[in-house]
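First the structure, in the form of structure tokens, and then the observations on it.
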Amino acid sequence: MLMYSVRRLITAVFILLGASFLVYNLVAIAGNPLEELLVSNSPNKEQLIAQRVEALNLDVPAPVRYFMWLGGVLGCFAGQCDFGQNLAGTPVTQLLANAIYQTLTLVLASTILSILIGVSLGIVSALRQYSALDYTVTFASFLFFSLPSFWIAVLLKEFLAIGFNDFLRNPVVTIPTTLLISLVAGIFWYSASFGKQRTRYLMGLVGFLLTAGMIVFVSATQWFLTPFLGIPFMLPLGLGAAVLFTYLVAGLRNRRALGTGLGMVLVGLIAYFPLQGLLAQATLLMVVIILAVFMALGWVLGLLAGGYDRGQGARVGLLTGLAMALLIIADRFMQAWPEYISNSRIKGRPIPTANASTPNLQGDFWVLGIDTMTHILLPTIALTLISLASYSRFSRASMLEIMNQDYIRTARAKGVSERAVVMKHAFRNALIPLATIIAMDIGGIIGGAAITERIFAFKGMGTLFLDSLAHTDPNPVMGVFLVTGLMALIFNLVADLLYSALDPRVRVKA
Amino acid sequence: MSSQEQKSSQKLAKEPTTETTAMRAVETNLDIRAQESVGKTQGQIVRKRFRQNTGAVVSLIILLLIFLLSITSIGVGPIPGWWRYNYNDMHPIINGAAPNAQHWFGQDATGRDLFAMTMRGIQNTFLVVVLITGIAGFLGVLFGGLAGYYRGWVEAVIMRFTDMIIIIPLMLLTAVLGKLAGSYFTGVWNTVMFGVVVGLLFWSSLARLVRAEFLTLREREFVDAARLAGASDMRIIFKHILPNAIGVVTVSISLMMSSAILTETGLSYLGFGIKAPDWSLGSLISANQSAFATRPWLFWFPGLFILAISLAINFVGDGLRDAFDPRQKKFNPKKAKERTAHSAENGLGIDGSQQASVQVSPWQEQDKSQPASKSSS
């Protein structure tokens with residue numbers, strides 16, 4: 001395994017060298033960095049040209065210049081990276097750092113969301129193969145997969161953002177709209193549920209009533225202007241999470257696991273009040289620590305509960321703890337929401353259609369956090385819709401294949417419950433091929449989403465690349481390429497290693 | 001599928017062996033396949049299965065209709081069509097440029113007819129997509145086939161070259177090359193060159209698939225037989241192995257088409273592809289997106305056509321996959337529904353004959369060994 005990785009890495013270095021040489025020369029052919037100066041009328045034209053030739057070594061032919069550039073890049077191993085500078089004289093390393101930060105804020109949420117939603121949709125539709133739900137999910141996947149990102153992004157801007165901002169002026173939902181939305185929700189729950197026909201009707205009805213009740217509540221309390229969770233919401237949501245996780249991970253018959261989950265809900269509710277003071281001066285680090293502490297607490301609680309399978313209880317505790325911590329943090333964000341809306345820079349229209357943040361916005365961690373979230377909301381929806389499709393299709397195919405395997409039949413023949421068959425025997429194995437895809441996609445994250453970035457005016461990697469290309473600015477183009485290429489190669493290797501680690505049938509040759 | 005296999009499967013089906021459900025499933029499955037494929041070529045079987053897939057057939061018809069509409073309406077080159085406007089003449093604005101009987105899709109700010117522009121965009125999109133998939137399909141099969149058949153240093157060189165093409169993010173490299181193409185060629189040649197350049201970079205994933213397919217097929221008996229009979233390497237590759245890999249190739253080329261559409265329109269949207277005065281569906285949207293509030297139709301029509309074409313191609317590709325995949329036996333939604341309703345409680349159906357069984361599908365068995373073949377690189 002080690003030899004294999006080392007060999008792959010050495011090959012990767014050579015591939016990267018070859019590819020970067022190719023790209024460097026292509027960029028050099030694509031345009032002359034002096035072009036804008038040659039046509040300018042500025043009095044000190046000659047001097048500017050000489051300056052730029054000096055800065056970018058333009059007097060050296062491109063193939064040779066490549067090695068000068070490479071020398072600077074290899075300096076990274078000696079402790080000082082030199083990726084060159086752009087036309088304005090800013091070091092590329094600095095440009096890259098900013099671009100990577102913006103790209104990550106933009107793409108991270110949508111990647112996580114699309115994996116979570118896509119995989120669960122795929123699994124559910126595989127379990128309900130050839131049902132109305134399956135057909136709907138399949139059609140929706142194809143539809144989303146075929147959506148041009150620039151088209152859906154503009155639609156989101158025009159309808160969702162402006163529509164929601166207008167809605168906030170008078171946040172009351174009319175009765176027909178309420179009924180329509182609730183009906184759709186009811187149908188979804190009906191088709192997603194399984195078991196006897198009566199149970200399914202009941203699930204549909206519950207879904208309908210819950211949604212309708214929620215909309216009426218939101219409308220009556222003007223929840224979108226002054227949102228809150230508080231104990232009255234956190235208790236049922238936490239209980240729901242505990243029961244759900246227990247059902248998925250351990251099965252409701254595992255009383256100790258259920259007890260762990262419920263215990264974590266109690267812990268979360270008790271911690272809610274003392275935490276408020278602490279959260280008032282929160283930083284990102286503190287939020288991360290709180291999440292970690294809750295998860296660790298749940299894990300320990302699960303282990304302490306003991307019983308036949310302690311690991312299951314521990315996992316339930318961990319997941320419920322995470323859910324409770326997220327609820328507490330969401331609640332704190334909601335407390336800052338009225339302050340954010342009434343801010344003089346927001347003026348009651350919170351969903352922006354461009355840029356990564358509101359310029360000159362003053363506020364604490366929570367207000368700034370909300371600001372980031374509202375800014376990434378639209379691009380996240382667009383990117384999630386587009387990449388959701390491939391995950392759901394892939395996990396559906398993978399799950400269907402697994403469900404037809406002999407060992408699934410064996411498990412059922414032994415009398416293993418349907419939950420355990422699906423969650424333990426099938427789902428875990430269906431994830432193996434998915435893991436490699438996910439690893440590769442994560443490698444591609446940093447390349448950014450050029451089109452989405454451009455539409456929403458994010459200054460990420462894609463924008464940096466496109467803008468530099470438009471200004472025939474060679475060094476930033478090379479910088480972006482180098483980072484994305486390196487990440488792609490590394491995660492390609494990770495994907496292969498992951499596959500052989502997860503599936504013992506696949507062995508890599510050393 | 002080779003004829004030897006059919007014979008052996010028929011033979012197997014006639015002799016009941018054991019009483020286990022699993023074996024019954026195997027038998028019935030073989031039986032179905034034998035019945036279905038008696039006296040038919042693979043092409044006939046695939047075409048028959050494809051025709052049974054309503055969604056795919058309807059999509060194919062829609063695709064053809066869109067193509068015919070774009071060709072006949074504004075004509076091709078010097079040949080005129082039935083639509084009275086062309087895509088770059090400016091006309092007096094009627095009805096505030098909104099869609100009307102004169103201009104079905106309305107007009108843009110300078111009075112050009114949007115219907116003609118959209119049709120031109122569809123023509124260009126089709127042209128580029130055909131070029132991309134043609135070139136990429138050829139290169140992918142060639143490189144993948146050579147690497148998978150010869151192995152050794154040929155494979156090493158080709159696959160490292162493929163890796164190089166793969167790691168360069170497609171969007172970035174096509175942007176560089178698209179820009180090059182744009183500055184040396186004009187008019188329709190720009191469009192053609194754009195398609196060629198993208199096609200030259202689009203083949204890497206197909207090459208990997210074809211290689212994996214060849215790696216397993218080259219170990220089969222019929223290849224040994226052909227070699228013993230004195231067939232040359234080229235003959236074995238193109239006459240013996242390639243026809244057996246045609247399913248994988250067809251399906252991935254059809255899916256390549258849909259991503260080619262999105263790539264073409266995306267690049268044109270960013271200004272690297274087809275440029276004014278010629279139109280692509282992507283550049284139409286990018287030229288008109290700022291007018292969304294005042295003239296939404298300029299935005300709706302090109303977008304809906306991209307969506308329709310891409311969606312139709314995806315459905316056709318899915319239909320092809322089902323038709324080529326031997327696991328998708330006799331797809332009958334009604335029967336399948338009964339089966340799932342009853343298997344929701346009990347798992348798989350009791351009667352093996354109703355299952356789309358996986359046990360004996362030679363292609364699929366090999367597919368599973370694909371990840372293992374990764375290790376040879």
Side-chain angles (χ1 to χ4, degrees), chain A residues 4 11 14-16 18-19 22-23 26-27 29-31 128-131 142-143 145-151 154 158 194-195 401 403-406 408-409 412 418 421 433 436 444 447 450-451 454 462 465-466 469-470 477 480-481 484-485 488-489 492 496 499-500 503 505-509, chain B residues 22 160 163-169 171-173 175-177 179-180 183 258 261-262 265-266 269-272 281-282 285-286 289 292-293 296 299 302-303 306-311 313-315 318 327 333 336-337 339-340 344-348 355-359 364 371-372 374-376:
Chain A
Y4 173 77
T11 340
F14 279 104
I15 291 173
L16 207 55
L22 206 71
V23 172
L26 281 175
V27 176
I29 304 169
R128 308 257 78 75
Q129 196 190 5
Y130 303 139
S131 65
F142 278 134
L143 187 69
F145 193 66
S146 314
L147 277 177
S149 53
F150 45 91
W151 198 63
V154 176
E158 293 296 330
F194 50 89
E401 182 158 344
M403 291 301 276
N404 275 330
Q405 299 281 327
D406 287 342
I408 298 293
R409 192 192 340 230
R412 283 182 169 137
E418 185 64 20
V421 169
T436 62
I451 295 178
R454 166 157 294 190
F465 180 87
L466 289 175
L469 201 62
V477 173
V480 174
F481 161 73
T484 50
L489 281 176
N492 223 328
D496 282 357
Y499 205 117
S500 72
D503 188 349
R505 287 174 300 184
V506 179
R507 280 276 160 252
V508 290
K509 268 189 225 154
Chain B
R160 291 298 81 79
D163 279 349
M164 208 162 96
I165 300 284
I166 283 182
I167 66 152
I168 301 170
M171 205 73 180
L172 309 191
L173 195 50
V176 176
L177 288 174
K179 190 171 171 166
L180 275 185
S183 49
S258 83
I261 287 183
L262 293 183
T265 49
Y269 174 85
L270 290 173
F272 290 110
L281 292 176
I285 292 182
S286 111
Q289 63 172 345
F292 188 91
F299 176 82
I306 300 179
L307 191 60
I309 296 173
S310 173
L311 198 57
I313 288 186
N314 271 319
F315 271 106
D318 201 53
R327 277 183 306 169
K337 216 174 175 181
R339 194 181 73 221
T340 31
E345 242 79 72
N346 307 332
L348 295 174
Q355 292 174 33
S357 168
V358 278
Q359 284 88 342
Q364 241 31 62
K374 256 186 199 170
S375 56
S376 60

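Each chain gets a letter, A, B and so on, in the order its sequence line appears, and its residues count up from 1.
Across all their heavy atoms, A:Ala19 and B:Met164 have their closest contact at CB-CG, 3.5 Å. Here the closest heavy-atom approach between residue B:Leu262 and residue A:Phe145 is recorded as CD1-O, 3.4 Å.
Per-residue counts of heavy-atom pairs under 4.5 Å with chain A were compared for B:Ile261, B:Leu281, B:Leu307, B:Ile306; the largest is that of B:Leu307.
With a 4.5 angstrom heavy-atom cutoff, A:Phe14 does not touch chain B via any of its atoms.
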(request) Any chance you could lay out the side chain to side chain contact (heavy atoms under 4.5 Å, CB included) test for B:Leu270 and A:Phe150, step after step, and finish with the verdict? (result) CA-CA 10 Å; B:Leu270 290 173; A:Phe150 45 91; over 6 Å; no
(request) List the steps and the verdict of side chain to side chain contact (heavy atoms under 4.5 Å, CB included) for B:Phe299 and A:Val154. (result) CA-CA 9 Å; B:Phe299 176 82; A:Val154 176; 3.4 Å; yes
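Taken to the nearest 0.5 Å, the CG atom of B:Asp163 stands 8.5 Å off from the OG1 atom of A:Thr11. Of the inter-residue distances, the one linking A:Leu143 atom CG with B:Leu311 atom CG reads 6.0 Å to the nearest 0.5 angstrom.
Checked against side chain to side chain donor-acceptor pair (under 3.5 Å), B:Ser258 has the following partners two or more places apart in sequence or in another chain: B:Asn314.
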